[in-house]
Amino acid sequence: GTTFTENSVSGYADKNDGNGEGGGAIYVGYGKLTLTDATATNNTASDFGGGVDAVDADVIINGGTFSGNTTISGGAIYAVTKSALTIDNATFTGNDASYGGAIVLNSSNADITKSTFSNNSSYLGGAIQNTKGILNIADSVFTENKKGQKTGGHSYQDHHRNQDDLIHFQPSFPSFS
C-alpha cells in the first residue's frame, strides 16, 4: 500500500465560513478517495484531518494504519458536509486532536467494520466525535482511547445541537476496554 509520513499543512481558519487548512496527508473535496492498505503516520494539519480531510466526499478505506497524526479536529480523519466514510479492517492508534482523537464526523456518515481504535486522545471523543451524522460500528475494538483529562472514551455525541446524532452498533456491540 501507499505510505504517507510526516506531511503537514498549515494556515488560518476563517471563523466566518469554516474554511481552514486540512489534510496533512490528503485533502479530498467533492470527489472520491479509495485507500487500500495505506499507512498514514505522523502527519499534521493546523485545523482539520491530520491524515485525511474530506469535504462532501466518499472515502473508502480497506485495511491500513493511521498512527501518530495530529490536528485540532479529527486526528486521523475529518469528514464534513455530507461526506461518507466506509472503513474496513483498519487500525487507528496514537492519533491526537482537540476533537475526535481518530475521527470527526460533522454532518457526515460512517460505516466502520472490523477496525481497531487504540490509544487515541482528544478533549471530546477519544476515538470518534460524531456531530449531526450517523455512525455504524460493527465487530470493532476500542482500547485505551482517552478524552478530556485522560479519562477514557470511545465517542462523543453532540446531542445538544441536533436530535439527528445517532450511533448504531450492528450486528454486534464493539469491544471496549
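Atoms considered below: every heavy atom in the structure, side chains included; atoms not considered: hydrogens, waters and symmetry mates.
- Atom OG in S121 sits 8.5 Å away from atom CG in N145 (nearest 0.5 Å).
- Although no hydrogens or angles enter the test, the distance criterion places a donor-acceptor pair under 3.5 Å between the side chain of S83 and the main chain of D56.
- For the residue pair Y78 and V80, the shortest heavy atom distance occurs at CE2-CB, 3.5 Å.
- Side-chain atoms of D139 and T113, non-hydrogen and from C-beta on, never get closer than 4.5 Å to each other.
- Under the 4.5 Å side-chain criterion, counting only non-hydrogen atoms from C-beta, I137 is in contact with F142.
- A distance of 9.5 Å separates OG in S67 from CG in N120, rounded to the nearest 0.5 Å.
- When atom types are taken as modelled, the side chain of T71 and the backbone of A97 share no donor-acceptor pair closer than 3.5 angstrom.
- Scanning both residues, I87 and A90, for their nearest heavy atoms gives CG2-CB, 3.7 Å.
- Rounded to the nearest 0.5 Å, atoms OG1 (T44) and CG (D96) are 12.0 Å apart.
- Taken from CG in N106 to OG1 in T131, the straight-line distance is 5.5 Å, to the nearest 0.5 Å.
- F66 and L35 make their closest contact through CZ-CD1, 4.2 Å (heavy atoms, listed as atom of the first residue, atom of the second, distance).
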Would S107 and T81 satisfy side-chain contact (heavy atoms from CB on, under 4.5 Å), going step by step from the backbone distance to the final call?
-> CA-CA 5 Å; S107 299; T81 315; 5.9 Å; no
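- The shortest non-hydrogen separation linking G29 to Y27 is N-CE2, 3.7 Å.
- Considering every non-hydrogen atom in both N43 and G24, the closest pair reads CB-C, 4.3 Å.
- The shortest side-chain heavy-atom distance between V52 and L33 falls under the 4.5 Å cut-off.
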Please lay out, stage by stage, how L85 and I103 fare under the test side-chain contact (heavy atoms from CB on, under 4.5 Å).
-> CA-CA 10 Å; L85 300 180; I103 297 173; 4.1 Å; yes
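- Taking 4.5 Å as the limit, every side-chain heavy atom of T93 sits out of range of all side-chain heavy atoms of T116.
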Applying side-chain contact (heavy atoms from CB on, under 4.5 Å), run through K146 and N119 and close with a yes or a no.
-> CA-CA 7 Å; K146 297 170 180 57; N119 297 304; 4.0 Å; yes
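- S122 contributes a side-chain N or O that, together with a main-chain N or O of S98, makes up a donor-acceptor pair within less than 3.5 Å.
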Derivation and outcome, side-chain contact (heavy atoms from CB on, under 4.5 Å), residues T34 and N62 | CA-CA 8 Å; T34 301; N62 295 310; 4.3 Å; yes
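- Not a single side-chain hydrogen bond (donor to acceptor under 3.5 Å, both in side chains) links T65 to another residue, sequence neighbours left out.
- Atom CD1 of residue I134 and atom OG of residue S108 lie 11.0 Å apart, to the nearest 0.5 angstrom.
- Both Y123 and F48 belong to a single network of hydrophobic side chains, linked directly or stepwise wherever heavy atoms of I, L, V, M, F, W or Y lie under 4.5 Å apart.
- Under the 4.5 Å side-chain criterion, counting only non-hydrogen atoms from C-beta, D53 is not in contact with V9.
- Distance CD1/I77 to CG/N69: 9.0 Å, rounded to 0.5 Å.
- Residues A45 and G23 approach most closely at CB-N, 3.9 Å, considering heavy atoms.
- Other residues, nucleotides and ligands contribute at most 12 non-hydrogen atoms within 6.0 Å of the OH atom of Y99.
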